[in-house]
Amino acid sequence: MYGQARRKNYEVRLVRVSPWNNRTYCGDRSRTSRKAAKRMLAFILSILIVSSAGFGVACFCFQSRKEETRVVAENEILSSGPGEEPAGVSEQEIVVLEESEPKIPVIAIDPGHGGDDEGCSRGDVYEKEMNLAIAYRLATKLQEMGFDVVMTREDDETSLSLEERVQIAEDSGGDIYISIHQNACEEQESSVQGIETWYCGRTEGSRRLAQLVHKGALEKSGARERELSETDDLYVIRECSMPACLIETSFLSNSEERNRICEPIYQDKLAAGIAEGIYYYFYPKTMYLTFDDGPSEENTAAVLDILKKHNIKATFFVVGENVRSHPEVARRIVEEGHTIGIHCNRHEYDELYESVDSYLTDFQEAYNAVYEVTGVEAKLFRFPGGSINSYNKDVYEDIIAEMTERGFLYFDWNGSLEDAMSKSTPEQLVENAVESTLGRKKVVMLAHDIVYNTTLCLEDLIDSFPEYKMEALTEEVSPIRFSCGIELAR
């Protein structure tokens, strides 16, 4: 088991204490007559009575104030200015309490088989040994990344039932479960090779975890890709209450893969890929899906259905004329929590970019259409053709200056399906999108919701980016913008 020490943070509790003044006063008896002494005694007695009553009130207030707690930040200045506190407050008691930290994810790693159960084998290569070797490398990499790691077994002599493996993961408070295995065909030697990954769809998050682990292992190792499959037949991933997957990293019945899986360098590549997948499961990159030129009645509705199914929010840069033609679709965009921005009113480049005034006139018409139909005062916009293009090269700087002065925010893109460039198959559109991201941590993806093939490929597109969380653009997002035709913020 791998652990990690935790720091202590503090919060401050301030309790104000009421003072008790116990000073007494005496007169000079030699200069006071007996009558004056009696008056003085009576006065002192009355003072004592009043003081006793005051003491009781003070104690009551003290108890009440002890129950009042004010939590302040460590860097807040604790001070009392003139007139802020009653006279006589002289103490401040500072009590420190521990603040809760973000939970460190716990990764349960299960090296399959062990003990008398050797798993599959060919020659002197045994599955249980390969599984443990990869598991140890994976555990080390995850620990270096800051994760907590629990292994179901730490040697080749330990035998565990399937139930015990799951119970270890559950007892450890594991957040995800990864089971590592090797594969084999029935024949002694086979040409079959590659990585297979399995998940059970009963547990939310298992499919995405399997996608990331599968993708990471393939990319780092260069192995041949085989199935990413759902099954209810594998006990350890079916019975876990946490997201879980099982990865078969090689075929021992293939002599080429058998030799490769025994190499420490190759094992390290597999472990690095799996670790990267796990990292992105917990700490994903960000993608902003954006759709231009709509809304259209059928295609935009299909896009909205898919986004709703996957619980994804996107951004729609709309055309004013289309908003007026399909107001119910524009309203649905807003009602379902997506961001709506301005693209233009009429997609006529020559007229639009004739001058600053022509652009502003067109923009105002589109803005009015969105406001009248949806009630949204859109602040985000996208230039047709991007902020710098061959049509606006003489006026784009002045347009940008004017729009910025008016409080509007524009976005270009750094990823694209290229669905408006030519007639491509849905598969090609997904490939274009994947190739254009270049592994960036922040991607603004350009698509068009009036293109039929875009609606056909959208689910596959979403499926191709498990390492990204997909969100809608807002005014708080730092914009992606072109500079002299070159995309920024990679």
Side-chain angles (χ1 to χ4, degrees), residues 1-7 101-115 119 125-160 164-166 168-183 195 197 209-223 236-237 240 242-250 252 257-285 439 466-467:
M1 183 179 293
Y2 297 75
Q4 182 167 325
R6 291 172 168 76
R7 304 186 306 265
E101 284 190 345
K103 183 181 183 296
I104 296 175
V106 177
I107 316 302
I109 303 176
D110 174 35
H113 306 283
V125 180
Y126 296 94
E127 179 181 359
K128 68 175 185 179
E129 296 175 358
M130 296 300 100
N131 295 343
L132 187 62
I134 296 170
Y136 264 126
R137 293 178 184 277
L138 175 59
T140 299
K141 292 183 182 301
L142 290 172
Q143 185 188 25
E144 290 171 352
M145 290 177 172
F147 294 100
D148 281 345
V149 179
V150 172
M151 290 179 60
T152 58
R153 67 179 178 92
E154 299 182 355
D155 56 62
D156 284 325
E157 286 68 47
T158 300
S159 293
L160 294 168
E164 288 173 324
R165 295 172 189 275
V166 172
I168 290 171
E170 298 288 351
D171 292 345
S172 70
D175 293 290
I176 62 171
Y177 179 96
I178 309 292
S179 189
I180 298 174
H181 287 259
Q182 308 304 310
N183 219 331
I195 292 176
T197 307
L209 174 64
Q211 287 177 303
L212 288 166
V213 166
H214 190 70
K215 183 176 183 179
L218 287 169
E219 289 180 350
K220 294 294 185 182
S221 68
V236 290
I237 61 174
C240 273
M242 65 203 75
C245 69
L246 184 150
I247 181 169
E248 306 261 14
T249 58
S250 76
L252 298 185
E257 276 206 324
R258 183 169 64 249
N259 293 332
R260 191 183 304 131
I261 200 66
C262 292
E263 298 173 357
I265 294 177
Y266 185 74
Q267 294 173 2
D268 205 56
K269 290 179 179 178
L270 283 169
I274 297 171
E276 181 179 81
I278 291 171
Y279 179 86
Y280 285 133
Y281 180 84
F282 290 100
Y283 309 110
K285 296 180 278 189
E467 69 272 34

request  = Take the angle between the ring planes of Y279 and F147 and call it parallel below 30°, perpendicular above 60°, tilted in between.
outcome  = perpendicular
request  = To the nearest 0.5 angstrom, please state how far the CG atom of L212 sits from the NE2 atom of H214.
outcome  = 11.5 Å
request  = Could you check I178 against C245 for side chain to side chain contact (heavy atoms under 4.5 Å, CB included), going step by step and ending with a plain yes or no?
outcome  = CA-CA 5 Å; I178 309 292; C245 69; 3.7 Å; yes
remark   = Rounded to the nearest 0.5 angstrom, the CG-OG1 distance for D268 and T140 is 9.0 Å
key: Rounded distance (nearest 0.5 Å) linking atom CE of M151 with atom CG of L138   = 8.5 Å
Ring pair (Phe, Tyr, Trp, His ring centres under 6.0 Å) partners of H181, counting only residues at least two apart = H113
task = Sequence neighbours left out, what passes side-chain hydrogen bond (donor to acceptor under 3.5 Å, both in side chains) with S159? Give chain and number order.
result = none
Side chains of P105 and Y281 in contact at under 4.5 Å (non-hydrogen atoms) = no
Separation between CD of E164 and CZ of R153, rounded to the nearest 0.5 Å = 13.0 Å
request  = To the nearest 0.5 angstrom, please state how far the CE atom of M242 sits from the OG atom of S172.
outcome  = 6.0 Å
task = Name all residues meeting the side-chain contact (heavy atoms from CB on, under 4.5 Å) criterion together with P284; count only those two or more places apart in sequence or in a different chain, and write none if there are none.
result = R208, K469
Any F282 side-chain heavy atom under 4.5 Å of I176 side chain = yes
message = With a 4.5 Å cut-off on side-chain heavy atoms, are P111 and I180 touching?
response = no
N/O donor-acceptor pair under 3.5 Å between Q267 side chain and I261 backbone = yes
key: side-chain contact (heavy atoms from CB on, under 4.5 Å), paired with L132, selected from D156, T158, I109   = D156
message = I'd like to know whether NZ of K215 has more than 12 heavy-atom contacts from other residues, nucleotides or ligands below 6.0 angstrom.
response = yes
ask   = Should I168 and L160 be marked as a side chain to side chain contact (heavy atoms under 4.5 Å, CB included) after you check the CA-CA gap, both sets of side-chain angles, and the distance that decides it?
value = CA-CA 10 Å; I168 290 171; L160 294 168; 4.1 Å; yes
query = What's the spacing between E127 CD and M130 CE if we round to 0.5 Å?
reply = 10.0 Å
task = Applying side-chain hydrogen bond (donor to acceptor under 3.5 Å, both in side chains), name anything that partners Q182, two or more places apart in sequence or on another chain.
result = N131, T249, S250
request  = Answer yes or no: is there a side-chain heavy-atom contact under 4.5 Å between K103 and D175?
outcome  = yes
query = Excluding sequence neighbours, so at least two apart, what forms salt bridge (charged side-chain N to carboxylate O under 4.0 Å, His left out) with E276?
reply = K220
task = Determine whether I195 and L270 make a side-chain contact, defined as any pair of heavy atoms from C-beta on separated by less than 4.5 Å.
result = yes
ask   = Do K285 side-chain atoms and Y280 backbone N/O form a donor-acceptor pair below 3.5 Å?
value = no
task = Quick one: list whatever passes ring pair (Phe, Tyr, Trp, His ring centres under 6.0 Å) with Y126, sequence neighbours left out.
result = none
query = Would you say the side chain of R137 lies within less than 4.5 Å of the side chain of P264, judging by non-hydrogen atoms?
reply = yes
